[in-house]
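Lettering follows sequence order; numbering is per chain, from 1. Keep in mind the model is a prediction, meaning the values are calculated, not measured.
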Amino acid sequence: MMPALEYRQSTPRFLAARGASSTRLGGRMSGVLASNVAPLRLVHRAEPSLPAGEWVRLRPLLSGICGSDVSLLTGRSSPYFGAVVSMPFVPGHEVVAETLDDLPGLAKGSRVVVDPVLSCAVRGGTPCRWCVAGQHSRCDRVTAGRVSAGLQTGYCTDTGGGWGRQMVAHAAQLHQVPDTLDDRRAVLVEPLACAVHSVRRANVPAGAAVLIVGAGTVGLLTLLALRALTKAGPIYVVAKHAHQHARARELGATEVFQPSRAARAVRRACGGTLEQPMIGGDFLLGGADVAFECTGAGSGLDMALRLVRAGGTVLLSGMPSGGVDLTPVWFRELNLVGSYASSGSATSPAAGPETDEQGTAEPAGGAFAEAMALAAEAPLDGYVDAIYPLSRWREALGHAAKAGQLGAVKVAFDPSRN
Amino acid sequence: MSRPGFVLEVDERTPPLLVHQGEGFLLERFPLGTRVVYPPDSLPPVANVDAAIQRALMQPVDSPPLPDLLRSGMRLTIVFDDISLPLPQMRPPDIRQRVIEHVLELAAEAGVDDVELIAANSLHRRMTPAELKRIVGERVFRAFFPKHLRNHDAEDPDGLVHLGTTAHGEDVEINRRAAESDLIVYANINLTAMSGGSKSVTVGLGSYRSLRHHHNVHTLRHSRSFNDPPNSAMHHSYDRMAEVLGEAVKVFTIETTLNLDSFPNHVGFLNRREWEWGIGDQLSYLAAKRANDLAPPKLRRRLWQSNDAPYGVTGVNAGRPDSVHPLTLANVHRQQLTEVQGQSDIGVWGLPFICPYNVNSIMNPILVMSLGLGYFFNLYRNQPIVRRGGVGIFYHPMPKEFHPVHHPSYIDFFEEVLPQTTDPAAIEAKYEQQFATDPWYTHLYRTSYAYHGVHPFYMWYWGAHAMEHLGDVIFVGADRKTAAVMGFRAASSLADALEMARDTVGSSPSITYLHAPPVTLADVR
């Protein structure tokens, strides 16, 4: 038996959290909702068993609290996901862990980060067209195969997750961490791989003016990936908090704006005219070439749609929640691009250079290899400075829900601590 | 015969004195020994304004009578000061209306058919049809609007003409219709010594290309003050441009001056010296103060903005511009000038609800700065009322509030430029061109009712001389965050402000309060 945080099926609690978080007061009390209303409990449960060969037991060293986790716990995430998870599950998909079993080429005791996508390579059986193409984040078989339904580790009842003391993962999910990369940086590799993937998905032209809405973990790592992997021109970041402004500048943001002045500031920076409808936010005729929505909030996507030029691209990097007026997509003929997780695996035999339908290639080794390299070089000290044992999960979730206000970027669990 | 201006020294018997504070006012008890500068009493008005206008047109200065300049088949353009004058707005009929009606009658008698009226709004916002009508009157408006009565457009490439450059290389570019007329007749209102004269046409009908030569930090720092034309680099530039203009087109100007009756009878105490208030004035102060403090902000603003001043006209002079203007200035001085002996450590100014750029609008923080450190600080001749390195104390709540239609570029200036630097020269070097040529601001200036994109810069430059001269600037009653963005300090009361000023001027500073209302021009010896 091991301690773990377990999310169980409870439609009333999900709806209660969702209803409360949709109010102004509830929105400000995300931490309270996540830790008291959500159907999440600290339990002792059996360690997950190995589903088949090529699977390995892991001891999580650090496991991050993702914005999508907070969305789930506050009921903001879409019920759409209900069909691709299996209950009860142990959350936690941003994991740096130690292997407890030997694998070919990966000795027991190795430090690894986990690519959480539970794709065909993990599930066994005939690979779907996407996995054949090396784009396993698009896998069509996340509800099939030898483990229960689950789009990712951390949403599947059989695999366990990073918010428990032990979990299991397939060899195809593992990326060995070099000794030079400490745990606090390593736990950022998964979200950084997502950022790398989203930057690849956006096809940012050289010199393009880019807008990043949000400067939490996703926004900052997207900025890092943009500067490292593209020849983007000016990059403007919309950030609420002073420490986010400072970090964004450190990572190469051209300018950082408060949300309240984003429309005017983007207009000044990128040109165009500011239009002011009688109801709803201002929008631009003109604006940035590409926008990355990195908040996961409806308001963030709304802002991105309103501040991109006609024919521009809006990339959804944060997991979307809340309704949004899609009129700009129609009126300005925008390209709305989704980016989920990452693609490409260092150890998967199926993985080769990735090609999406527009022909954008990811290098061999995929986003995780690039993320690993970036995590080693980038100025990410202090990004993971709030680490909690599982026993203090309520505080941890409260901290994560208010990370921006509290000056934090990434809040994580250390499940091995008591 | 009205009483001259004088300087009161506050003693034990001095009652609390009235101080403007935006859309509010208060009675302030000043420290003993404070000097308070009052202007002369409001001058008696001209008894028959129409007769004065007629006389000015028929017996102009250094010019043939106006009828002799008018002939059939000529192109006549009548230009008039825009809504930025007078302040507060004049109770109808506006003196410009009366002047224009006289000119039009003479033009009709002479058989002049090609007549156009243009508001000299320079880079100010366009006036609405209602605002134009208020200035020119119903009859003229109906006859000429919209085809032959319009606002000047300083961004119309086809509507401007470059007349040449001055000996100093300054471009003179003005409204094409006016420049290509046989005669420009200018109907002016002179409320302060900085207005009128060479400024009227070259600035009022000018473009950014032209204005940038005198509306800049260097010129304004060397205009001491811009209410003293002989010592104003800005006016020297105007004069040089007027010479170029004069070679291209004939200008006949009609300049008018007003007395200080700025407020109607029900708030007549605002026009009187405090120790002379009768029981009626005191009751009316108490009632007005209470009502004003209780009124919702929007209602309060509407009431102040709808205050029509019952000005009396104190003079009408017409003819050749450079001959007329000295007579106008003499009239302004007769009404506003008060001699003050020496400077003090601290200057105090109460800032009212209105400045030239927020008529029917909102006085945003940059306009507050411009009104205080620009207009009021520069209400002097010879030298400022405060010594160099002294402290300026201004009263204004300075809310962070902007009119989104009238002042779009001000919002960006406040949010984007000022957090980077408040140094006028640095701002000018880095940002002026961007704002001046921003297509969106230009579009709004031309088609909406927005001030030109460069206008907030000019407002900031107005204060450049004061910022350089003063050791510290404190705003009493101001929003602290807003004041901090602008580089100023905020105090909750005069006592606080004086305490804060101790670091700069010591514990026993000399203080001068330039009393307003009404407008006072200090002649500091």
Side-chain angles (χ1 to χ4, degrees), chain A residues 209 211-213 215 233-250 253-289 303 306-310 312 328 331-332, chain B residues 125-126 155 361-362 364-366 399-421 426-457 460 479 481-482 484-486:
Chain A
L211 174 68
I212 297 176
V213 181
I235 302 178
Y236 306 104
V237 177
V238 179
K240 272 186 187 172
H241 307 289
H243 74 100
Q244 295 174 335
H245 284 236
R247 289 183 203 274
R249 286 202 182 88
E250 189 184 26
T254 308
E255 283 190 69
V256 189
F257 310 131
Q258 281 292 332
S260 59
R261 65 173 292 255
R264 285 183 167 276
V266 173
R267 192 208 68 78
R268 282 273 305 130
C270 302
T273 64
L274 180 76
E275 306 300 330
Q276 298 167 305
M278 289 183 69
I279 299 172
D282 298 345
F283 67 88
L284 300 182
L285 297 179
D289 298 309
M303 178 184 287
R306 287 167 188 260
L307 304 187
V308 166
R309 65 163 170 81
F331 174 55
R332 306 302 289 160
Chain B
R125 70 173 174 87
R126 298 190 310 145
E155 287 288 347
S361 186
I362 294 169
N364 63 55
I366 294 153
K400 186 186 164 190
E401 193 181 4
F402 294 84
H403 196 295
V405 174
H406 294 163
H407 302 124
S409 66
Y410 279 72
I411 301 172
D412 293 332
F413 182 89
F414 183 85
E415 293 187 338
E416 179 184 339
V417 176
L418 291 181
Q420 303 303 320
T421 176
I427 286 172
E428 180 181 45
K430 185 170 179 186
Y431 294 102
E432 182 186 306
Q433 269 298 309
Q434 293 176 33
F435 277 67
T437 57
D438 187 311
W440 185 56
Y441 300 145
T442 303
H443 169 75
L444 294 178
Y445 163 81
R446 298 193 65 189
T447 62
S448 177
Y449 294 100
Y451 282 81
H452 193 276
V454 80
H455 205 259
F457 289 77
W460 202 254
D479 179 275
K481 280 187 183 170
T482 308
V485 169
M486 320 247 296

Atom [atom1] in [X], atom [atom2] in [Y]: separation rounded to 0.5 Å?
{"X": "A:M303", "Y": "A:D282", "atom1": "CE", "atom2": "CG", "value": "10.0 Å"}
{"X": "A:L307", "Y": "A:L284", "atom1": "CG", "atom2": "CG", "value": "5.0 Å"}
{"X": "A:H245", "Y": "A:Q258", "atom1": "NE2", "atom2": "CD", "value": "4.0 Å"}

Passing candidate, side chain to side chain contact (heavy atoms under 4.5 Å, CB included) with B:H452, options B:F435, B:Y441, B:Y445: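 Result: among B:F435, B:Y441, B:Y445, B:Y445 is the only option passing the side chain to side chain contact (heavy atoms under 4.5 Å, CB included) with B:H452.
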Just to be sure I understand the criterion: a residue of residues 408-419 of chain B counts if one of its heavy atoms is under 4.5 Å from a heavy atom of chain A. Which ones qualify?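 Result: B:P408, B:I411, B:D412, B:E415, B:E416.
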Return the minimal non-hydrogen interatomic distance between A:Y236 and A:P234, and the atom names on each side.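 Reported closest heavy-atom pair: OH-CB, 3.3 Å.
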Going by the angle between their ring planes, with limits at 30° and 60°, are A:H243 and A:H241 parallel, tilted or perpendicular?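 Geometry flag for A:H241 against A:H243: parallel rings.
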Please verify the inter-ring angle class for B:H455 with B:Y451; under 30° counts as parallel, over 60° as perpendicular, anything in between as tilted.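 Aromatic pair B:H455/B:Y451 classed tilted.
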If contact means a heavy atom pair closer than 4.5 Å, which residues of residues 265-275 of chain A contact chain B?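 Those residues of residues 265-275 of chain A which have a heavy atom under 4.5 Å from chain B are A:R267, A:R268, A:G272, A:T273, A:L274.
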Examine distances only and state if a side-chain atom of B:R126 and a backbone atom of B:T447 form a donor-acceptor pair shorter than 3.5 Å.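 Pair found, side chain donor or acceptor close to backbone of B:T447.
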Report the C-alpha separation of B:Y431 and B:F457 in whole Å, then their side-chain angles, then the decisive distance to 0.1 Å, and conclude whether the ring pair (Phe, Tyr, Trp, His ring centres under 6.0 Å) test is met. CA-CA 9 Å; B:Y431 294 102; B:F457 289 77; 7.1 Å; no
